[in-house]
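For ligands, and for the atoms within them, numbers begin at 1 and follow the listed sequence. For this chain, numbers begin at 1 and follow the sequence in order.
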Amino acid sequence: MSFPTRRLRRLRTSSKMRELVQETSLDPRDFICPVFVQEDLKSRVKVDSMAEIERLPLDDLNDEVGTISDLNIPAIMLFGIPAKKDEEGASSFDDKGIVQKAISQIRSNFGDKIVIMADVCLCQYTSTGHCGIVQNNKIDNDSSINTLAKIATSQARAGVDTVSPSAMMDGQVAAIRKALDDEGFTDVSIMSHSAKHRSSFYSPFRDAAECAPKFGDRKTYQVPFTNAREAMREVESDISEGVDIVMIKPALSYLDLIAETRRRFNIPVAAYSVSGEYALVKGAAKQGWVNEQEITSEILHSIKRAGADMIVTYFAKSAAKFLQES
Ligand code: PBG
């Protein structure tokens with residue numbers, strides 16, 4: 001009988017031993033919690049495709065942010081759903097728009113107790129449902145980045161900490177950085193959805209934020225899911241334009257890109273575990289096919305292990321709770 005010379009099982013003999021050699025850990029401080037706020041809403045509305053996720057009226061926002069902050073989650077990501085849409089998405093850069101109101105309300109109630117991040121995009125605000133301005137049936141890059149810059153400065157005037165462009169327009173980070181600096185908002189940071197892929201994993205979000213494109217798709221601006229080098233060029237471009245945090249999106253099917261970004265660049269890396277990733281887990285858990293808490297923990301640890309410094313996740317609150325209890 002031959003004996004193995006190496007025994008990796010020695011370090012798995014007890015739970016304390018396993019704790020000692022654990023390489024990756026998860027903490028509520030890793031999370032950014034998405035928050036949907038809708039204009040002219042009387043009470044919370046459930047999102048059908050995303051169990052336990054709701055759109056909130058402004059009046060419920062303080063409660064929600066209080067809950068998030070009490071769970072030691074350091075940041076929120078605000079998405080607004082306006083009452084009116086038009087071709088230009090004008091309500092996106094209105095100083096009295098829904099997100100701007102939400103930002104200033106949270107800022108005056110919570111001060112510096114939570115990092116306020118806000119999505120900078122047009123699709124919730126345009127009648128076309130596209131992330132940029134449509135001209136002659138095309139998504140026009142250069143007029144779109146001007147509008148994105150206007151959204152960012154109006155959010156900055158409301159008191160945002162971090163703007164998070166998700167439109168995938170070329171030059172959006174540079175345009176936003178310049179506009180912010182020109183108005184003196186040199187301390188407002190940018191977390192770009194740097195490599196946001198054209199993904200089927202976003203469908204539940206479109207239900208949550210009412211932002212499905214009315215014609216065509218997002219293939220002319222989002223990165224094809226087949227392309228890794230192109231994703232790295234997106235990250236590289238954002239860094240050269242002055243981004244503060246880069247993001248890979250979605251997360252679970254893109255762990256290779258999270259790892260690659262971590263290896264190549266010395267900048268904080270965020271991962272966005274998107275609505276479809278959430279919905280798949282929720283759906284299977286509801287059927288009793290998987291254990292929700294265990295699978296959530298495994299998924300979030302995997303995203304950290306791949307190299308993410310922070311995770312935007314719809315599991316933020318539930319994961320923070322089970323982490324506190326364990
Ligand atoms: C749109 C936007 C999308 C998401 C975040 N911002 C949807 C899209 O591009 O169609 C998806 C987020 C998610 O699925 O959780 N700017």
Side-chain angles (χ1 to χ4, degrees), residues 31-37 47-55 76-82 85 89 91-93 99 117-134 139 141 144-145 147-148 151-152 155 162-169 172-173 176 190-225 231 234 247-254 270-283 296 299-300 303 308 310-317:
F31 302 148
I32 299 167
C33 187
V35 174
F36 296 99
V37 58
V47 176
D48 286 342
S49 51
M50 298 174 75
E52 286 151 55
I53 302 295
E54 295 170 317
R55 301 190 204 155
I76 55 165
M77 172 69 74
L78 279 170
F79 292 97
I81 301 126
K85 301 178 194 257
S91 52
S92 63
F93 52 86
V99 165
M117 299 181 155
D119 184 60
V120 173
C121 195
L122 277 161
C123 57
Q124 288 107 280
Y125 303 88
T126 47
S127 43
T128 62
H130 275 291
C131 303
I133 310 280
V134 177
I139 319 316
N141 194 83
S144 300
I145 61 177
T147 306
L148 295 170
I151 302 175
Q155 292 179 348
T162 307
V163 291
S164 190
S166 65
M168 288 305 289
M169 295 295 131
Q172 61 183 12
V173 170
I176 289 170
I190 304 176
M191 176 169 81
S192 181
H193 293 50
S194 305
K196 177 179 177 183
H197 294 79
R198 213 280 305 167
S199 171
S200 205
F201 283 98
Y202 305 149
S203 355
F205 177 93
R206 295 180 187 170
D207 182 18
E210 288 180 357
C211 67
K214 296 287 180 295
F215 67 89
D217 51 41
R218 307 212 199 285
K219 284 183 186 161
T220 67
Y221 42 104
Q222 299 181 342
V223 187
F225 55 74
E234 287 283 3
M247 185 201 287
I248 301 296
K249 180 182 179 179
L252 198 52
S253 302
Y254 298 79
Y272 197 142
S273 180
V274 301
S275 56
E277 299 175 45
Y278 178 81
L280 290 183
V281 169
K282 283 296 204 181
T296 303
I299 289 172
L300 295 173
I303 297 170
M310 60 195 95
I311 311 172
V312 186
T313 171
Y314 303 96
F315 286 112
K317 286 191 289 177

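- With ligand atoms numbered from 1 in the order given, ligand 1 contributes 1 (C), 16 (N) to contacts under 4.0 Å with heavy atoms of Cys123.
- With Glu277 contributing its side chain and Leu252 its backbone, the two residues share a donor-acceptor pair below 3.5 Å.
- Here Ser164 pairs with His193 under the side-chain hydrogen bond (donor to acceptor under 3.5 Å, both in side chains) rule; sequence neighbours left out.
- Although no hydrogens or angles enter the test, the distance criterion places no donor-acceptor pair under 3.5 Å between the side chain of Tyr314 and the main chain of Ser273.
- Put simply, no part of Met168 is less than 4.0 Å from ligand 1, judged by heavy atoms.
- Around CZ of Phe225, the count of heavy atoms belonging to other residues, nucleotides or ligands within 6.0 Å does not exceed 12.
- The contact set between ligand 1 and Cys121, taken as ligand atoms under 4.0 Å from a residue heavy atom, comprises 16 (N).
- Between atom 3 (C) of ligand 1 and the options Phe79, Phe205, Tyr278, the minimum heavy-atom separation is to Phe205.
- The shortest separation from a heavy atom of Gln222 to ligand 1 is under 4.0 Å, placing the residue in contact.
- The distance from ligand 1 to the heavy atoms of Ser275 drops below 4.0 Å at these ligand atoms: 13 (C), 14 (O), 15 (O).
- In terms of the side-chain hydrogen bond (donor to acceptor under 3.5 Å, both in side chains) criterion, residue partners of Ser49 (sequence neighbours excluded) are, by chain and number, Asp207.
- Taking 4.0 Å as the cut-off, Lys196 counts as a neighbour of ligand 1 on heavy-atom distance.
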